[in-house]
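Below: one structure, written as structure tokens.
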Amino acid sequence: MEDKILKIKETALADIENAKNSKELEDVKNKYLSRQSELNTMKKGLKDIEPALRPKIGALTNEVFKLLESEIDKKHQNFYKSELNEKLQSEKIDVTLDGTFNPFGKVHPLSSTINEIVEIFEHLGFSIIENKYSPEVEVEKYNFDLLNVPKEHPARDVQDTYYCYGADNIVLRSHTSNAQVRQMLNSAPPVKIISPGRVYRNESVSARKNNFFHQVEGLYVDKGVTFAHLKGVLNEFIRQYFGANRPTRFRNSFFPFTEPSAEIDVQCIVCQGKGCSTCSGTGWLEILGSGMVDPNVLKDAGIDPDVYSGFAFGMGVERLAMLKYAIDDIRLFFNNDERFLKQF
Ligand code: DAH
């Protein structure tokens with residue numbers, strides 16, 4: 001019995017000695033110290049041997065057991081340290097190496113133009129309104145009727161406006177002016193808002209026209225608002241957007257929802273006013289429509305035109321971006337050609 005234990009001790013120590021890594025050491029541990037190991041089986045069998053021999057054999061088994069345990073433990077510590085070191089070496093990160101290059105996305109030139117316009121008006125005291133007051137799929141009533149656009153007005157013609165199939169009073173809005181109406185119906189004056197968004201028109205697509213584009217609508221209604229306020233605000237916008245030196249002009253115009261009405265032209269950026277195909281030979285490009293809100297429009301929105309007055313405007317975002325960056329084809333905004341988009 002004693003010999004057998006000493007033999008186990010010897011082979012176990014040799015196995016420990018020979019283990020080359022913590023995995024092998026673990027196997028050795030299992031072999032000699034697990035419950036099913038020879039030593040443990042012998043411990044359990046102590047009760048079956050001669051009582052006189054029991055203490056001696058018992059003590060010896062324990063001693064060997066403890067010895068093996070501590071030897072394995074010692075070796076384990078060594079492995080742990082050297083294996084950790086190895087791992088740290090092999091997984092070392094050189095922070096001085098170049099990183100992998102992930103190209104950044106960019107803000108679309110139309111989005112940044114809208115942001116710029118919105119920011120200017122916010123500094124002039126206008127608040128941007130929520131989308132729920134300017135849906136793109138709109139009832140004719142808000143796109144036309146309440147804007148004093150008569151039933152027979154050519155703008156309603158299916159040539160210009162997209163009607164939803166099967167619902168002849170639902171349109172894709174043809175301008176952002178629906179936002180004015182909804183805003184006035186929703187809140188009492190003073191109202192001082194801008195509302196950017198997408199609009200749709202049944203145009204044949206060309207370098208100058210697309211069948212959807214973007215506008216920024218503005219509305220200011222309060223007591224005592226005059227045409228001088230309109231001019232002051234829009235001139236300030238143009239000065240901030242184009243700089244002080246770009247020639248602009250107010251031109252008399254007509255819109256059913258404003259009286260009087262004015263359009264603002266900016267000198268053509270392509271020909272500097274000489275006349276070219278971009279500006280149809282006029283030297284000027286229209287950027288916005290505006291005017292004093294028609295009393296009928298105020299009345300229909302529940303606002304007393306004898307107490308309140310206001311001005312409104314709607315500007316074409318693509319036009320403003322094209323003029324600022326000298327872009328000669330509106331379709332470039334919608335093609336998602338990276339060569340174009342990367343330039344902004
Ligand atoms: N809705 C007009 C258009 O799309 C632009 C416009 C003109 C808007 C005059 C206005 C306005 O608010 O007062 O051509």
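Below, each value reflects all heavy atoms present in this structure, side chains not excepted, and no hydrogens, waters or symmetry copies. Throughout, numbering of the chain's residues begins at 1 and tracks the sequence. Atoms within each ligand, like the ligands themselves, are counted from 1 in listed order.
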#### Entry: Within-cut-off N or O pair, S174 and ligand 1, under 3.5 Å
no

### Candidates M184, Q180, Q183 - the one meeting side-chain contact (heavy atoms from CB on, under 4.5 Å) with V221
M184

### Message
Judged on heavy-atom distance to atom 12 (O) of ligand 1, which of E217, R173, Q215 sits nearest?
### Response
E217

### Message
With respect to F313, determine whether any N or O atom, backbone or side chain, lies less than 3.5 Å from an N or O atom of ligand 1.
### Response
yes

#### Entry: Heavy atom of E263, distance to ligand 1 below 4.0 Å
no

### Task
Give yes or no for whether the N/O distance cutoff of 3.5 Å, strictly under, is met between S290 and ligand 1.
no

### Task
Return the residue, atom name and 0.1 Å-rounded distance of the protein heavy atom closest to atom 2 (C) of ligand 1.
F257 CZ, 3.9 Å

#### Entry: Cluster companions of I93 among Ile, Leu, Val, Met, Phe, Trp, Tyr (side-chain spacing under 4.5 Å)
V95

### Protein residue, atom and distance nearest to atom 8 (C) of ligand 1, heavy-atom basis
G314 N, 3.3 Å

### Query
Is the centre of the F212 ring less than 6.0 Å from the centre of the Y162 ring?
no

### Task
Could you point out which residue of V171, N178, L147 forms a side-chain contact (heavy atoms from CB on, under 4.5 Å) with Y142?
N178

### Task
Give me the other members of the hydrophobic cluster that W284 sits in, counting Ile, Leu, Val, Met, Phe, Trp and Tyr linked by side-chain heavy atoms under 4.5 Å, directly or via other members.
none

### Task
Taking the six-membered ring for Trp and the full ring for Phe, Tyr or His, determine whether the centres of F255 and H175 are under 6.0 Å apart.
no

### Query
For ligand 1, is R201 a contact, meaning one of its heavy atoms is under 4.0 Å away?
yes

